[in-house]
Novice: 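I am attaching a structure below and will ask some questions about it afterwards.
Both counts, for ligands and for their atoms, begin at 1 and track the order of listing. Bear in mind the structure is a predicted one, so any value in this text is a computation, not a measurement. Residues take their numbers from the sequence shown, with the count starting at 1.
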Amino acid sequence: RASPAPSTPSEKDLRSPICCILGHVDTGKTKLLDKIRQTNVQGGEAGGITQQIGATYFPIDAVKTKTKSMAQFEKQIFDVPGLLVIDTPGHESFSNLRSRGSSLCNIAILVIDIMHGLEQQTMESIRLLRDRKAPFVVALNKIDRLYDWEPTPNDAFRSTFQKQGRGVKQEFATRLEAIKVALAEQGLNSELYFENKNLAKYVSIVPTSAVTGEGIPDLLWLLLELTQKRMSKQLMYLSHVAATILEVKVVEGFGTTIDVILSNGYLREGDRIVLCGLNGPIVTTIRALLTPQPLRELRLKSEYVHNKEVKAALGVKVAANDLEKAVSGSRLLVVGPDDDEEEMMDDVMDDLTGLLDSVDTSGRGVVVQASTLGSLEALLDFLKDMKIPVMSIGLGPVYKRDVMKATAMLDKAKELAVMLCFDVKIDREAEHYAEEQGVKIFNADIIYHLFDAFTAYQEKLLEQRRKDFLHEAIFPCVLNTLQIINKRGPMIIGVDVIEGSVRVGTPICTVKIDPVTKEKVVLLLGRVVSLEINHTAHNEVKRGQTAAGVAMRLEDPSGQQPIWGRHVDEKDTLYSLITRRSIDTLKDPAFRDQVSKSDWLLLRKLKTVFAIE
Ligand code: GDP
């Protein structure tokens, strides 16, 4: 498997594009990969399809065989040597195939179930693809489930579609249209790939069935057509190394190894490499470059073949010392003869420290922990979109010291004393400590589950706060007395709401100037216990809501109520009792959304009335 020494890259010296597959659970990602891998030629690895580490390699001859049924529709001219398909479907591997925020995946397949349309993780995938500016095609999968579908296994879509009955064609058209509309709502123009005249603006849709293999030739053909037509620049063979760590794994006989996708250049045994580690940069030397033993040679002792040298694009297992703390999703750099190792160490740690830009510098926010750099980055992007502030980030398992960071929020904003953890282990002690302190830990391996759990928790806390502070959340109002209905036991006043709104529970007062000290004195008349308009009870009456006047009943359990006619009378303006504390309570997230702009303006006016700084 060793490759010849590098030659000068020429115009046609392209490398294989790398392809990832993602989409909602159960749309058929795994099944599609299986189907693509299966060869219709007899005899093991016919056509040279090879299993690599974390990926499957399709040499161009295998692609040609698999896309034969496309010949009647499209020209098949291939410039690239093959196609590298990443084996693990989903967000995780896509987001780990990254280099400084851009994607190393040259083309992605977004799978949508034609019977289900767009689902939660479809949206998440679209967001990811867009954030990373990754080109993609839509595989509209499970067409064999259309009612009355007559399968022709492994046929090109147009060929099998022609043979379908009218009902099938109609159902297909209706479902396709609905999905195109749903994609448009996500800001994506889309078109069946063979009707797509504008590849730059429209996403191509390929109808497929992972069960019958129909549409698979189309999918493969399109992946190659698109990559070589639209991105041959990115596929230019470069001698410098571009590689990302997909996974860190312990393998018997090799210790901790890293599974690497090499997207450009060469790796050689003995190369000195630099990578990002949990506790700082790792510098080590490649001890072995391993690829899987070909199927028919499995009777050989070792599971792996040792390679002196490997060439992009491929998936390879790297064995070396000191890989225990290597971070998945970070880059792997090779130290060349003229390179400054120190500089490369800083450079590679930027993958992690670069993410610190997403951290709120005011020290307010949640603590985020993820298993890999890619998922951490994806989660941070998501939280940014959702406007959830992040105070601190981390990688790997959650320990007590990570929880301690979150406890800092307990006093400032309890709803943010939260850890959002993506696919990580939580240490027992850390879990106990969090429970003791009142820090909530959420752990999930699907971003939107994490988000849903977090928002539900926040809403629950806010609801509790609304209950706890109801008495202190005083909305502003100004009232004029129309008539006094009952002077005492209980005091009932007919009022007109001049500004704001009066609510049941609001304390009502008037403000007088003390004749001796000339200071403002607040006289509390009592809390509103009921509001009636024409004998109908209301919880709240806004300015302008009625011309009839409101019968407002007040209660003052303190028994210190001023006497109507002596301390207070019809000429006095009445207000809700505003204090510094009541204003601050309204600013709390529990109430903030209920306070209108005119309420804030009125509050500002009332601050003068009540002489609040
Ligand atoms: P993943 O979660 O996206 O990887 O989905 P899977 O590949 O595990 O498929 C989920 C289920 O859908 C499995 O039961 C598959 O057999 C089934 N499935 C996948 N693709 C197709 C398809 O094209 N047609 C039909 N009828 N079933 C499919």
Novice: To which protein heavy atom is atom 9 (O) of ligand 1 closest, and what is the distance rounded to 0.1 Å?
Specialist: Gly28 CA, 3.6 Å

Novice: Test your reading of the model: is there a side-chain donor-acceptor pair from Asn264 to the backbone of Ala313, 3.5 Å cut-off?
Specialist: no

Novice: Just heavy atoms, cut-off under 4.0 Å: does Asp144 contact ligand 1 by side chain, backbone, both, or neither?
Specialist: side chain

Novice: Which residue is it: Val366, Asn443, Val367? I am looking for the one with a side-chain contact (heavy atoms from CB on, under 4.5 Å) to Met419.
Specialist: Val367

Novice: For Gly396, is there any backbone N or O sitting under 3.5 Å from a side-chain donor or acceptor partner on Gln369?
Specialist: yes

Novice: Does the Ser209 side chain pair with the main chain of Val211, one donor and one acceptor, at a distance under 3.5 Å?
Specialist: yes

Novice: Considering only the protein, which heavy-atom contact is closest to atom 15 (C) of ligand 1, and what is its distance?
Specialist: Lys31 CD, 3.8 Å

Novice: Using distance alone, determine whether Lys142 and ligand 1 share an N or O pair under 3.5 Å.
Specialist: yes

Novice: Donor-acceptor pair, distance only, cut-off 3.5 Å: does the side chain of Gln164 make one with the backbone of Thr160?
Specialist: yes

Novice: Would you say atom 25 (C) of ligand 1 touches the protein, meaning some protein heavy atom is under 4.0 Å from it?
Specialist: yes

Novice: Which heavy atom of the protein is the closest neighbour of atom 10 (C) of ligand 1, given with residue, atom name and distance?
Specialist: Asp26 OD1, 3.5 Å

Novice: Does Ile53 reach the side chain of Glu247, with side-chain heavy atoms less than 4.5 Å apart?
Specialist: no

Novice: Could you go through the ring-ring contact (aromatic ring centres under 6.0 Å, His included) check for Phe194 and Phe73 one step at a time?
Specialist: CA-CA 9 Å; Phe194 48 87; Phe73 303 107; 8.0 Å; no

Novice: Please report the interatomic distance OH(Tyr193) to CG(Asp218), rounded to the nearest 0.5 Å.
Specialist: 3.5 Å

Novice: If we only count N/O pairs under 3.5 Å, is Ala210 in contact with ligand 1?
Specialist: yes

Novice: Answer yes if the side chains of Lys405 and Ser392 hold a donor-acceptor pair under 3.5 Å, and no otherwise.
Specialist: yes

Novice: Evaluate the 4.0 Å heavy atom contact test for atom 6 (P) of ligand 1: does a protein atom fall under the cut-off?
Specialist: yes

Novice: Say whether Thr27, considering both its backbone and side-chain N or O atoms, lies within less than 3.5 Å of an N or O atom on ligand 1.
Specialist: yes

Novice: Please report which non-hydrogen protein atom sits nearest to atom 27 (N) of ligand 1, along with the residue it belongs to and the distance in Å to one decimal place.
Specialist: Val211 CG2, 3.5 Å

Novice: As an exercise, identify every atom of ligand 1 less than 4.0 angstrom from a heavy atom of His24.
Specialist: 3 (O)

Novice: Which heavy atom of the protein is the closest neighbour of atom 20 (N) of ligand 1, given with residue, atom name and distance?
Specialist: Asn141 ND2, 3.1 Å

Novice: Tell me the protein heavy atom at minimum distance from atom 4 (O) of ligand 1, and give that distance in Å.
Specialist: Thr30 OG1, 2.5 Å

